[in-house]
Amino acid sequence: MSDDVRAGLEGVTVAETSLSRVDGEAGELVVGGYPVEELAGNATYEEVVFLLLEGRLPTADELDSFRADLAARREIGEEVRNVLRRAADEGLPAMDALRMGVAAANLGGETGDERETASRVIAVVPTVVATYWRYREGLAPVDPRPELGHAANYLFMLTGEQPTERAVRGLESYLVTVVDHGLNASTFTARTVVSTESDVVSGATAAVGALKGPLHGGAPGPVLDMLREIHERGDPGTYVRETLEGGERLMGFGHRVYRVRDPRAAVLSEAAEQFYAGSGQAEFFETVERFERVAVKALAEHKPDRPLETNVEFYTAPLLWGVGVPPELFTATFAVSRVGGWTAHCLEQLADNRIVRPVATYTGPTGRTWTPVEER
Ligand code: COA
C-alpha cells in the first residue's frame with residue numbers, strides 16, 4: 001500500500017467538534033465539556049441530548065419542555081408498524097428493522113426544520129426497536145406513555161410493564177455513557193451524508209447501516225455468550241487460555257483508540273455493580289469481575305507490546321442483559337443512545353459545512369482499448 005494512503009483514515013483529522021473528546025492515551029472521554037463519569041452518575045438521557053444539541057445543560061423548564069417535545073414525537077404510524085411486522089415475520093435482524101423505521105421518521109407532518117427533525121429521530125428510535133421486538137415475540141406493540149422518561153419508556157414498550165427504578169437507572173447510565181464518542185464510523189457516516197446538504201433522517205439512516213457491522217456495534221452479544229458460558233463452567237482461567245492458545249480474540253478487550261481501560265468500561269462496571277447488588281444475580285456479576293481480572297492479566301502476557309484492556313462492550317453486555325434488554329437488541333439499543341450523537345453531529349456539520357470528499361490512489365489497469373461485446 002502506498003505510503004500516503006491512511007487505511008481506515010486512522011489518525012486523520014477531518015473535522016472540529018465541540019461535542020465529545022476522546023483521549024485514548026489517558027483513557028478520558030469528555031462529553032459536552034463534562035467527564036463521562038460525572039454525567040453517567042447524575043444525568044438523564046434527555047439532559048445529555050439537550051447538552052449535545054444546545055451546548056449546555058437545560059434549566060428545569062427547558063428540560064420539561066424537551067421531555068414533552070420528545071413525548072409528542074414518539075409514536076409511529078400504522079404503515080411503519082406494518083413494515084416492522086414484516087421484518088419481524090421474515091426474521092430480519094433488529095438493525096434492518098431499525099434502518100427501515102428510521103428511514104420513515106419524516107413521515108407524518110415534518111416541517112423541514114432540521115433541529116425538529118433531530119428530536120423526531122431521537123424520539124422514534126426506541127419505539128421502532130420495541131415495536132419490532134413485540135412483533136418478533138408474537139405480541140401486540142405497546143404505545144409509549146407520555147409521563148415516562150426516555151429510558152423508562154423504552155423498557156415499558158419492550159415489556160408492557162412498568163420498569164423498576166433499578167432497571168431504569170441502569171439503562172439510563174448506559175444511554176448517557178455511549179451517546180457520543182468522537183468520529184466513530186457511524187458518526188462519520190452521518191456527517192458525510194449531511195455534508196452533501198442532505199438531511200438528518202438520511203444521515204441517521206446511513207448511520208444505522210454503519211453501526212450494524214460487527215466491527216462497530218456488534219460485540220456485546222458475543223460478550224454475553226462468553227460470560228454466560230464462563231459462569232456455567234466456573235473456570236475463567238481455562239477459557240482464557242484455550243481462547244488465546246487457539247488464536248482467537250477475547251471479546252470485550254482491545255480498542256482502536258484506547259491504550260488503557262476504556263473509561264466507559266469503568267462507568268458501566270459501576271452501574272452494573274449497583275444494578276446487580278441485591279438483584280438475586282450477584283453471583284453472575286462476581287464471575288464477570290473475576291473474568292475481567294484473569295483476562296487482562298493473560299492478555300498482558302499474551303501480547304506484552306500491545307496494551308489490550310477492557311472495552312465498553314464488556315460491561316455493556318451484563319448491564320443490558322440485567323436490566324432486561326434481550327441480546328438480539330443489544331446493537332439496536334446502542335443506537336437508541338447513539339442517535340443523540342449522530343443527530344447533534346449532523347447539525348454541527350450543517351452549521352459549518354464542507355462536502356466530505358477524500359481521494360483514493362488508483363491501483364487498477366490503464367491503457368486498455370475497447371473490444372466489442374461479440375469479440376470478448
Ligand atoms: N484478544 C486477543 N488478542 C487481541 C484482541 C483481543 N480482544 N484484540 C487485539 N488483539 C491482538 C490482535 O490479534 C493483534 O495481534 P497481532 O498483531 O499478533 O495480529 C493485535 O492485538 C492488534 O490487533 P488489531 O486488530 O490490529 O487492533 P485494532 O485496533 O485494529 O482492533 C478491536 C481493535 C477492538 C477490533 C480488537 O481489539 C478486537 O477485535 N477486540 C475484540 C472484539 C471487541 O471487543 N470489539 C468491541 C470493540 S468496542
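Predicted model, so just to flag it, every value in this text is computed and none were measured. Order of listing sets the numbers, starting from 1, for every ligand and every atom in it.
- Taking a cut-off of under 4.0 Å to the non-hydrogen atoms of Met251, the atoms of ligand 1 that pass are 42 (C), 44 (O).
- Residue Glu313 approaches ligand 1 through these ligand atoms, each under 4.0 Å from one of its heavy atoms: 46 (C), 48 (S).
- Near Gly252, meaning under 4.0 Å from one of its heavy atoms, ligand 1 places the atoms 43 (C), 44 (O).
- Using a 4.5 Å cut-off on side-chain heavy atoms (C-beta onward), Pro35 and Glu28 make no contact.
- Near Leu299, with a cut-off below 4.0 Å to any heavy atom, the atoms of ligand 1 are 1 (N), 2 (C).
- Relative to atom 12 (C) of ligand 1, the option among Arg264, Glu309, His255, Arg249 with the closest non-hydrogen atom is Arg249.
- For a threshold of 3.5 Å applied to N or O pairs, the pair formed by His302 and ligand 1 contains no separation below that value.
- Residue Leu308 holds the heavy atom nearest to atom 3 (N) of ligand 1 of all those in Leu308, Val240, Thr316, Val257.
- Following chains of ILVMFWY side-chain contacts shorter than 4.5 Å, one can reach Phe314 starting from Tyr239, so the two form part of one hydrophobic cluster.
- Taking hydrophobic clusters as Ile, Leu, Val, Met, Phe, Trp and Tyr residues chained together by side-chain heavy-atom distances below 4.5 Å, Phe66 shares a cluster with Leu57.
- No side-chain heavy atom of Thr333 sits less than 4.5 Å from a side-chain heavy atom of Phe330.
- Remark: ligand 1 atoms within the under-4.0 Å shell around heavy atoms of Gly254 are 34 (C), 37 (O).
- Considering backbone and side-chain N/O atoms, Leu250 comes within less than 3.5 Å of an N/O atom of ligand 1.
- Here the shortest heavy-atom pairing between Leu171 and Ala151 reads CD2-O, 3.5 Å.
- Using a 4.0 Å cut-off between charged nitrogen and carboxylate oxygen, Asp96 and Arg86 do not count as a salt-bridge pair.
- By the 6.0 Å and 45° rule, Arg376 stacks over the aromatic ring of Trp370.
- The shortest N or O to N or O distance between Arg306 and ligand 1 is below 3.5 Å.
- Of the heavy atoms in Arg256, both backbone and side-chain atoms come closer than 4.0 Å to ligand 1.
- Salt bridge status for Glu75 with Arg120: absent, with no side-chain N to carboxylate O gap under 4.0 Å.
- The shortest N/O to N/O separation between Lys303 and ligand 1 falls below 3.5 Å.
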